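Note on naming: letters A, B, ... go to the chains in the order of the sequence lines (proteins, then strands), and numbering restarts at 1 for each one. Side-chain atoms are counted along with the backbone in the values below, which use heavy atoms only and exclude waters and symmetry mates. This one's a predicted model, so the numbers in the text were calculated from it and none came from an experiment.
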Number of protein chains: 2
Amino acid sequence: MQANTVIRAMGALAQEHRLAAFRLLVQAGAEGMAAGAIAERLGLPASSMSFHLAQLAHAGLVTQRRESRSIIYAADYAAMNGLMAYLTENCCGGLPCEDAAACQPARPEETAL
Amino acid sequence: MQANTVIRAMGALAQEHRLAAFRLLVQAGAEGMAAGAIAERLGLPASSMSFHLAQLAHAGLVTQRRESRSIIYAADYAAMNGLMAYLTENCCGGLPCEDAAACQPARPEETAL
DNA sequence: CCTATATTTCGATAATTATCGAATCATTGG
DNA sequence: CCAATGATTCGATAATTATCGAAATATAGG
C-alpha cells in the first residue's frame, strides 16, 4: 500500500459524517446500503451525502454498484485491512509483536442465514 | 474510544509529513526521537515540524517528554491499537471474523539488548 | 414519451489547514 | 547573568474542504 493511498483513506475517515457512513457500511456487510438510505440514516441532504460517499469511494474504502434506480455502497474490507497493516508495518522497532489480523467480510447469503 | 478522538487521529495521519513522522516514531520504538532529529530527517523547518508534532500529540498518537534541551517524541502504541479496534468494531455485519490484534511496544531496555 | 424516483454535479460561500520566517520561551554551561 | 542551543508560538498567506440548494443525469413504469 502506498503512502498516498493511506493519506487519502485517512483523510476520508477523518470526518464525522464519512466515519459514521463507513461504520454503517461495515455493519451492513457485503449487502451494502443505498445512498439515499445512508443519507436518511445520517440526516444529511442527498447532495452532501453524495459528496462524502464519493470521497470514500475515491479513497478505495467503499465499492459502489447500481441496482435499479439505487446505487448501493458497501465497505471494502480489504482496503480497511490494508490500512491497518500499513500502520502496524515495522511496528515496535522491528521486534516481534502481535501484528494486525484481517477482518473477513460476510457474504450476503451467509448473512441472510 | 470516542468518534471524535478517532476523527482527530485520522486527521492527524491524513497528512504526508505527519504520517511519515508517525511511522518514523513507530520504528524508533519507545526510545523515541527528538523534535529536531525528526525535522532534519524529514527535511522540514523546525516550526513546521513542531506544528505537525503538536497535532499528533493532540490526537493522542504520540507522547512527549523533555530530556535536557530536547523534547523527545514517541509513538503511542495503545492509541494506534485503539484506532484499529474502532475501525474493526462490529465489522462483518456482526458475524465472527478475525478482529484486529494489538501491537506491543518494545521497551527501550529490550531494544538495547 | 412523460412523470416520478434516485443520485450526482455544479456553484457559491464558509470554515479549516499547511506553510515558514521571525520572535519568544526553556534549558544548559561558563 | 549571558550566550548558545532546542523547541514552540505568532502572524500572515495560500490552499484545501464542507455545506447545501438548484440543476442535471440515469432508470423505471405507465
(Q) Is it the case that the side chain of A:R41 and the backbone of A:G43 share a donor-acceptor pair, with hydrogens and angles ignored and the cut-off at 3.5 Å? (A) no
Grab the N/O contacts between the protein and nucleotides 22-30 of chain C below 3.5 Å, and write none if there aren't any.
{"residue": "C:dT28", "atom": "O2", "partner": "B:R69", "partner atom": "NH1", "Å": "3.4"}

Q) About how many Å separate CZ of B:R8 and OG1 of B:T5, when rounded to the nearest 0.5 Å? A) 5.5 Å
Q. Ignoring hydrogens and geometry, is there a side-chain-to-backbone donor-acceptor pair from B:S70 to B:R66 under 3.5 Å?
A. no
Q: Scan B:E16 against the nucleic acid and name what it touches under 4.0 Å (heavy atoms): base, sugar-phosphate only, or nothing.
A: nothing
**Q.** Span of DNA chain D in contact with chain B (heavy atoms, under 4.0 Å)
**A.** D:dA4 to D:dT9
Q: Using side chain to side chain contact (heavy atoms under 4.5 Å, CB included) as the criterion, list what pairs up with A:S50, not counting sequence neighbours.
A: none
Q. Who are the side chain to side chain contact (heavy atoms under 4.5 Å, CB included) partners of A:Y86, not counting sequence neighbours?
A. A:M1, A:A3, A:V6, B:L19, B:R23
Q: Mind listing the closest non-hydrogen atom pair of B:M80 and A:L87 along with its distance?
A: SD-O, 3.6 Å
Q | Closest contact, heavy atoms only, B:A12 versus B:L61 | A | CB-CD1, 4.0 Å
Q. Would B:R65 and B:E67 pass as an ion pair if we require N to O under 4.0 Å?
A. yes
Q.
Looking at C:dT5, I'd like to know if its phosphate oxygens (OP1 or OP2) sit under 4.0 Å from a side-chain N or O belonging to A:S70.
A. no
Q: Could you say whether B:S48 or A:G11 is positioned toward the 5' end of DNA chain D, judged by the nucleotide with the nearest heavy atom to each?
A: B:S48
(Q) From CD of A:Q64 over to C1' of C:dT8, roughly how many Å is that when rounded to an integer? (A) 10 Å
**Q.** Under 3.5 Å: donor-acceptor pair, side chain of A:Y77, backbone of A:V26
**A.** yes
Q. How long is the span from the OH atom in A:Y73 to the CG atom in A:L53, to the nearest 0.5 Å?
A. 5.0 Å
Q. Can you list, by residue number, the residues of residues 32-45 of chain A that have a non-hydrogen atom closer than 4.0 angstrom to DNA chain C?
A. A:A34, A:A35, A:G36
Q. Taking for each residue the nucleotide of DNA chain D with the nearest heavy atom, is it A:H52 or B:A46 whose nucleotide lies nearer the 5' end?
A. B:A46
Q | Under the side chain to side chain donor-acceptor pair (under 3.5 Å) test, residues paired with B:Q2 that sit two or more places apart | A | none
